[in-house]
Amino acid sequence: MCGCKPPKSNTKETYPFLNVPASRRYFNEEIQGINQSLLAATIQIYNTIRNEMLPTPSKSHYTFNLRDLSKVVQGCMRADPKSTSDKKQILSLWLHECSRVFEDRLNNQADHDWFRKQQVMLLDQHFRLGYEDIVPQGRLIYGDFLIPGRGHDATCKALLCLVCLILKPIVEISRMHVKCRDL
């Protein structure tokens, strides 16, 4: 295993292979304007979690590498410019990707709370926004199943919508089953 460590700098020159979706010319100017901040925040959260969440016997899976950094960027690159029209939407996707890549490995509530504090701090430091500005409902739910046929991720604005979305096919299948049984 290579013992090489990436430089501690938070500049895009440190990681020239990264290219977040805001740099694509078909995103609007508001989203293009946060490109450097988004990249700096991504690198900063990667460096922070890599340096502070070290593996222990009970947390042997707390190993973070450059692949994790690229997974966050890849997830953000899936943003659809047609449906991503403001910076809050791209920041919502960025929060989701960071949580998916980094937070999903954390195995206790204290570590989850630590990670949320890091997200809150980065949103304030790089974008002058609070977590509640991006996730007003308190919980971020993202998925490509939220709008059938859409083909890309969307955020769920309310848990009730998610419950209805999940229950609808179950109810339809139950109705079909009852009709078949009555035959």
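- Between F115 and C98 the shortest side-chain heavy-atom distance falls below 4.5 Å.
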Determine, step by step, whether L69 and V101 satisfy the side chain to side chain contact (heavy atoms under 4.5 Å, CB included) criterion, reporting the C-alpha distance in whole Å, the side-chain angles of both residues, the deciding distance to 0.1 Å, and the verdict.
-> CA-CA 8 Å; L69 182 62; V101 171; over 6 Å; no

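- Salt bridge D68/R50: absent, no basic N to carboxylate O contact under 4.0 Å.
- Partners of Q109 under the side-chain hydrogen bond (donor to acceptor under 3.5 Å, both in side chains) rule, at least two apart in sequence or in another chain, are D113.
- Inter-residue side-chain proximity for L129 and L91 is flagged as met; some heavy-atom pair is nearer than 4.5 Å.
- Of all non-hydrogen atoms in S58 and N107, the two that sit nearest each other are O-ND2, 3.2 Å.
- Residue E97 comes nearest to C76 through the heavy atom pair CG-N, 3.9 Å, listed as atom of the first residue, atom of the second, then distance.
- The closest donor-acceptor contact from the side chain of E52 to the backbone of T48 lies at 3.5 Å or more, if one exists at all.
- Panel note: side chain R128, backbone L123; no donor-acceptor pair is recorded below 3.5 Å.
- Side-chain contact of Q44 with Q125: a donor-acceptor pair under 3.5 Å is present, judged by distance alone.
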Intermediate values then yes/no, side chain to side chain contact (heavy atoms under 4.5 Å, CB included), Q119 and S99 = CA-CA 9 Å; Q119 288 181 315; S99 294; 3.1 Å; yes

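- Between P55 and S60, the shortest heavy-atom distance links the atoms CB-O, 4.1 Å.
- Residues L66 and M53 share a single hydrophobic cluster, defined by chaining ILVMFWY side chains whose heavy atoms lie under 4.5 Å apart.
- Side-chain contact between Q118 and F102: absent, with no pair of heavy atoms (C-beta onward) separated by less than 4.5 Å.
- Residues Y62 and L106 have side chains in contact (heavy-atom distance under 4.5 Å, counting atoms from C-beta outward).
- Scored by the side-chain hydrogen bond (donor to acceptor under 3.5 Å, both in side chains) test, Q74 finds no partners at all (sequence neighbours excluded).
- Here the closest heavy-atom approach between residue L122 and residue I45 is recorded as CD1-CB, 3.4 Å.
- One N or O on the side chain of D133 and one on the backbone of G130 form a donor-acceptor pair closer than 3.5 Å.
- No side-chain heavy atom of L38 sits less than 4.5 Å from a side-chain heavy atom of I31.
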Evaluate the side chain to side chain contact (heavy atoms under 4.5 Å, CB included) criterion for residues I49 and W114: first the C-alpha distance (whole Å), next the side-chain angles of each, then the deciding distance (0.1 Å), finally the verdict.
-> CA-CA 10 Å; I49 200 164; W114 174 89; 4.0 Å; yes

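- Under the 4.5 Å side-chain criterion, counting only non-hydrogen atoms from C-beta, F64 is not in contact with N47.
- For the pair E103 and H112, the minimum side-chain heavy-atom distance is below 4.5 Å.
- Atoms CD and NZ, on E30 and K88 in that order, are 9.0 Å from each other to the nearest 0.5 Å.
- Side chains of I34 and W94 form no contact here, defined as non-hydrogen atoms less than 4.5 Å apart.
- Salt bridge K59/D111: present, at least one basic N to carboxylate O contact under 4.0 Å.
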